[in-house]
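We number each residue from 1, following the sequence as shown. Just so it is clear, the structure is predicted and the values come from calculations on it, not from any experiment.
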Amino acid sequence: MRPGPAPDAAPGADRAADASADPRPRTTTRDPEELTRRLSAWLAAHLPGARATGATVPASNGMSSETLLFDIDHPAAPLPEPAPGGVPTSCALRLAADPAAYTIFPRYDMPRQYRTMRLVADRTDLPVPRAFWLEEDPTHLGASFFVMARAAGRVPPDVMPYTYEGSWLHDASDAERDRLEAASVSVLARLHDQVPLEDAQFLATPGTGDPLRRHVDAQHAYYTWVVDGLPRSPLIERGFAWLADHWPDDPGDTVLTWGDARIGNIVYDGFEPAAILDWEMAALGPRELDLGWMIYLHRFFQDLTRSGGQHGLPDLLRRDRVEDRYAALTGHPPRAMEFHTLYAALRHAIVMLRVAYRQVHFGEVPVPDDPDGLILHRDTLEAMLAGRYW
């Protein structure tokens, strides 16, 4: 069954509204000034005479990895479009999370992400930022990292979510948002259709069974790691049981999936994608992994917005329209989308539980009596499991 616009009373509302007012949890334990100094030393060794200027840490820095924005001032800097006179190159450095800082994921494979970006840039027409250097030696900055070009443009914000009044996307016209949606679904269609599967085998998830089975098994292993020595989540465990009971008869084609396929990971020039970011969750699997994630992550923000008393953007990234757009572009009508949207919500719940336990670790919140209360979209997941969400 295909959905219409978001319901008037979004599931999960009052808890999510309260949580949205909480301070953001800490995202780093590193000193930005020390990081910049060490980066400058590394850069000088790779480009004699070069210097890093204007280094900043973005306010939206994540917890799974860290980003440092800076310019390279050097006449031979690797500009995407070489300019005369040593014009500074705008760059972004992606640094694996500090392994001593209660990381969100058990392992952050920077070479894998770097290789994925190079592959997608080489084999598709998608605007993936040019990756300049990969440094696997952790002695320089405390972890592996890579340097890539920084794209100009704007990103739909997570805080406050782009669904809230006042964001540039909320203030856009219906026609402009429709243009952005069409272009964003096209990103998935082109990625899935253009990358040769044989070139992406390094992204195959270890294990047995088809790629979907391996993907879910890996997520279950991740959940087990998250709750090691901590209260388990009955809701998440019910979610895995639901998946087992509703497994698709045919998992579909295997493609390279982006993994974190959402508009908050796209830099837009106007309403067209200018850069596709955050490839750390890329994997082989069915097309619907990305479609379910894109649809669900928007609904997460939309539900959060409705819980705060605002209308949000109920017509953006509607499930029926995303499915129709994707089918028209690829000739592959999405299948088992109830399964894949719930799986997306479940995956998100595991990450949120880890983030919450990280806050417990740093003394930012107390140890909960009910671990399921740490999941902002608890009511959404409950409704999905009961078959009353869409």
Side-chain angles (χ1 to χ4, degrees), residues 28 30 32 34-58 61-74 76-82 88-101 103-124 126-151 191 195-196 198-206 256-260 265 267 275-284:
T28 184
R30 293 173 169 129
E34 173 66 11
L35 193 62
T36 302
R37 185 190 65 78
R38 294 172 69 179
L39 169 63
S40 294
W42 177 89
L43 182 63
H46 284 73
L47 277 178
R51 62 190 184 98
T53 63
T56 60
V57 176
N61 219 1
M63 288 177 281
S64 62
S65 65
E66 299 180 33
T67 300
L68 186 72
L69 306 178
F70 67 100
D71 292 332
I72 299 177
D73 189 3
H74 189 278
L79 292 168
E81 295 180 3
T89 300
S90 294
C91 293
L93 180 144
R94 297 300 300 269
L95 175 66
D98 182 351
T103 58
I104 299 303
F105 299 113
R107 182 168 179 260
Y108 196 88
D109 193 335
M110 195 64 69
R112 183 177 184 272
Q113 184 177 173
Y114 177 86
R115 187 176 175 186
T116 301
M117 292 180 64
R118 295 293 292 256
L119 171 63
V120 177
D122 289 346
R123 301 308 297 268
T124 76
L126 294 176
V128 178
R130 180 178 173 187
F132 297 144
W133 296 293
L134 168 67
E135 179 56 75
E136 299 185 62
D137 184 351
T139 61
H140 299 285
L141 301 185
S144 59
F145 64 90
F146 65 83
V147 177
M148 62 184 175
R150 186 184 354 158
L191 172 68
V195 176
E198 60 272 17
D199 292 348
Q201 288 303 310
F202 67 94
L203 291 170
T205 304
L256 189 159
T257 66
W258 177 7
D260 202 358
N265 282 334
V267 179
I276 316 299
L277 308 176
D278 288 354
W279 293 87
E280 69 229 48
M281 293 163 60
L284 299 189

Taking side chain as C-beta onward, heavy atoms only, is [X] less than 4.5 Å from [Y]?
{"X": "Leu119", "Y": "Leu256", "answer": "yes"}
{"X": "Arg38", "Y": "Trp42", "answer": "no"}
{"X": "Leu95", "Y": "Leu35", "answer": "yes"}
{"X": "Val147", "Y": "Glu135", "answer": "no"}
{"X": "Phe202", "Y": "Thr116", "answer": "yes"}
{"X": "Leu93", "Y": "Phe70", "answer": "yes"}
{"X": "Phe145", "Y": "Leu68", "answer": "no"}

[atom2] on [Y] to [atom1] on [X], rounded to 0.5 Å:
{"X": "Leu39", "Y": "His140", "atom1": "CG", "atom2": "NE2", "value": "11.0 Å"}
{"X": "Ser144", "Y": "Leu134", "atom1": "OG", "atom2": "CG", "value": "7.0 Å"}
{"X": "Cys91", "Y": "Asp71", "atom1": "SG", "atom2": "CG", "value": "7.5 Å"}
{"X": "Met281", "Y": "Thr257", "atom1": "CE", "atom2": "OG1", "value": "8.5 Å"}
{"X": "Glu66", "Y": "Arg94", "atom1": "CD", "atom2": "CZ", "value": "10.0 Å"}

* Asked: Can you name the side chain to side chain contact (heavy atoms under 4.5 Å, CB included) partners of Pro106, sequence neighbours left out?
  ->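 With sequence neighbours excluded, Pro106 shows a side chain to side chain contact (heavy atoms under 4.5 Å, CB included) to Tyr222, Trp225, given in chain and number order.
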* Ala121: what forms a side chain to side chain contact (heavy atoms under 4.5 Å, CB included) with it, not counting sequence neighbours? ->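 Val128.
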* Backbone N or O of Thr53 within a donor-acceptor pair of the Asp73 side chain at under 3.5 Å? ->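 Checking the backbone N and O of Thr53 against the side chain of Asp73, no donor-acceptor pair under 3.5 Å is found.
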Locate the shortest heavy-atom distance separating [X] from [Y]; write the atom from each residue and the value.
{"X": "Phe132", "Y": "Tyr114", "result": "O-OH, 3.7 Å"}
{"X": "Leu47", "Y": "Trp133", "result": "CD1-CH2, 3.6 Å"}
{"X": "Ala149", "Y": "Pro129", "result": "O-CB, 3.5 Å"}
{"X": "Ala143", "Y": "Ala96", "result": "CB-O, 3.6 Å"}
{"X": "Val120", "Y": "Thr124", "result": "O-OG1, 2.7 Å"}
{"X": "Ala282", "Y": "Leu203", "result": "O-CD2, 3.9 Å"}

* Asked: With distance as the sole criterion, is a donor-acceptor pair present between the side chains of Tyr108 and Thr103 under 3.5 Å?
  ->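 The criterion, which ignores hydrogens and geometry beyond distance, is not satisfied for Thr103 and Tyr108.
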Can you sort out the partners of [X] under salt bridge (Lys or Arg N to Asp or Glu O under 4.0 Å), two or more places apart, ordered by chain and number?
{"X": "Glu136", "answer": "none"}
{"X": "Arg123", "answer": "Asp199"}
{"X": "Arg115", "answer": "none"}
{"X": "Arg112", "answer": "none"}

* Does the side-chain contact (heavy atoms from CB on, under 4.5 Å) test come out yes or no for Met117 and Ile276, once each step is laid out? -> CA-CA 9 Å; Met117 292 180 64; Ile276 316 299; over 6 Å; no
